[in-house]
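Notes follow once the structure below has been shown.
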Amino acid sequence: MAKPRTPKGRSRLAAQRLAERYPGTAKELCALEHKDPFQLLAATILSAQCTDARVNMVTPQLFAAYPDAASLAAANPEDVEEIIRSTGFFRSKTKSLIGMATAVADRYGGEVPRELEELVTIPGVGRKTGNVVRSVAFGLPGLPVDTHVLRVSQRLGLLEGLTSAEQRDAVKVEHQLNTLVPAAERGAFSLRVILHGRETCVARKPRCSACPLADFCPSVR
DNA sequence: ATCCCGAGGG
DNA sequence: CCCTCTGGAT
């Protein structure tokens, strides 16, 4: 394939190369342990500023004590804090978890809603978390935008047409990437870009010599 | 020091 | 827009 010169072309080739490096569906690429949408939602809330490995160390005990929304909604906050303490931000995360469980139990009959507009009304759930749940738990179109997706998209030149301020706006970037990535591929694309950002296109000193996208990346050096 | 799949509040 | 929340790993 010739060297692509448009955001569309670069996104297509990047998606193809990253799929070779990180095979699997969104569900398979997600490292958070869970068995249903409620548990994935809880695990994703815990994942803020915390490694997935750390989250996976606390979720077995959390879900043994509180397997569903109704039980977590009725939890004693101090008990939850003790279980999740090592994931950091434990007081605010406990409020988010119990608030989330209360909303899911009271407003949605214990079933996590599927629409992003509904997900983001739940305490502790923003666009990134909502899109993770949509794409991983439900297999619906959703493109989680985190710090890695922001950085890698900029470097790869996928955000041409956006102002420099808009390139730092996760919502604007999400909409731009939605125009580049087919709906069915968005979840896996995002997860792969995140892995690529963590392992290769790192913030400080990107490892361009080991990058599978270096031959067409506008920022390679 | 800096990073880890953020969200809510001022 | 900035600040805060928080612990663990490197």
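To find a chain, count down the sequence lines: A is the first, B the second, and so on, and within it residues start at 1.
- Set against B:dC3, B:dG6, C:dG7, the side chain of A:Ala48 has B:dG6 as its closest nucleotide.
- The nearest whole Å value for the distance from the CG atom in A:Asp146 to the C1' atom in B:dG6 is 9 Å.
- When each of B:dA7, B:dC4, C:dT6 is scored by its nearest atom to the side-chain atoms of A:Phe89, the top-ranked nucleotide is C:dT6.
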Provide a list of protein-nucleic acid N or O atom pairs under 3.5 angstrom, restricted to nucleotides 8-10 of chain C.
unit_1, atom_1, unit_2, atom_2, d
C:dG8, O3', A:Arg54, NH2, 2.7
C:dA9, OP1, A:Arg54, NH2, 3.0

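- Salt bridge absent: A:Arg127 and A:Asp146 never bring a charged side-chain N and a carboxylate O closer than 4.0 Å.
- Between the CG atom of A:Leu97 and the P atom of C:dT6 there is a distance of 13 Å, rounded to whole Å.
- One can place CZ of A:Arg127 at 16 Å from C1' of B:dG8, the figure rounded to the nearest angstrom.
- Remark: A:Leu213 CG to A:Thr200 OG1 distance equals 8.5 Å, nearest 0.5 Å.
- Other residues, nucleotides and ligands contribute at most 12 non-hydrogen atoms within 6.0 Å of the CD atom of A:Glu111.
- Side-chain polar atoms of A:Arg107 and A:Thr102 form no donor-acceptor pair below 3.5 angstrom.
- At the heavy-atom level, A:Thr129 lies under 4.0 Å from the strands shown only through sugar-phosphate atoms.
- Taking the side chain as every heavy atom from C-beta outward, A:Phe63 and A:Asp68 never approach each other to under 4.5 Å.
- Between A:Leu150 atom CG and B:dG6 atom C1' the separation is 12 Å, expressed in whole Å.
- C:dC5 atom P lies 11 Å from atom CZ of A:Phe90, rounded to whole Å.
- Salt bridge annotation for A:Glu160-A:Arg5: absent, with no cationic side-chain nitrogen under 4.0 angstrom from a carboxylate oxygen.
- Atom name P, nucleotides B:dG10 and C:dT6: the rounded distance is 15 Å, in whole Å.
- Looking at A:Arg91 and A:Glu81, no side-chain N of the basic residue comes within less than 4.0 Å of a carboxylate O on the acidic one, giving no salt bridge.
- Taken residue by residue, residues 118-126 of chain A places heavy atoms nearer than 4.0 Å to DNA chain B at A:Ile122, A:Pro123, A:Gly124, A:Val125, A:Gly126.
- The shortest distance between the side-chain N/O atoms of A:His148 and the OP1/OP2 oxygens of B:dC3 is not below 4.0 Å.
- Here the options are A:Glu28, A:His196, A:Glu199, the test is side chain to side chain donor-acceptor pair (under 3.5 Å), and the partner is A:Tyr22; only A:Glu199 passes.
- Dashed line: the shortest gap from a side-chain N or O of A:Gln49 to OP1 or OP2 of B:dG6 is under 4.0 Å.
- Rounded to whole Å, atom P of B:dA7 lies 19 Å from atom CD1 of A:Ile98.
- If you measure from atom CD1 of A:Ile45 to atom P of B:dA7, you get 9 Å, rounded to the nearest angstrom.
- A:Lys93 has its NZ atom 18 Å from the P atom of C:dT4, to the nearest Å.
- Nearest heavy-atom pair across A:Lys93 and A:Gly88 is CD-O, 3.2 Å.
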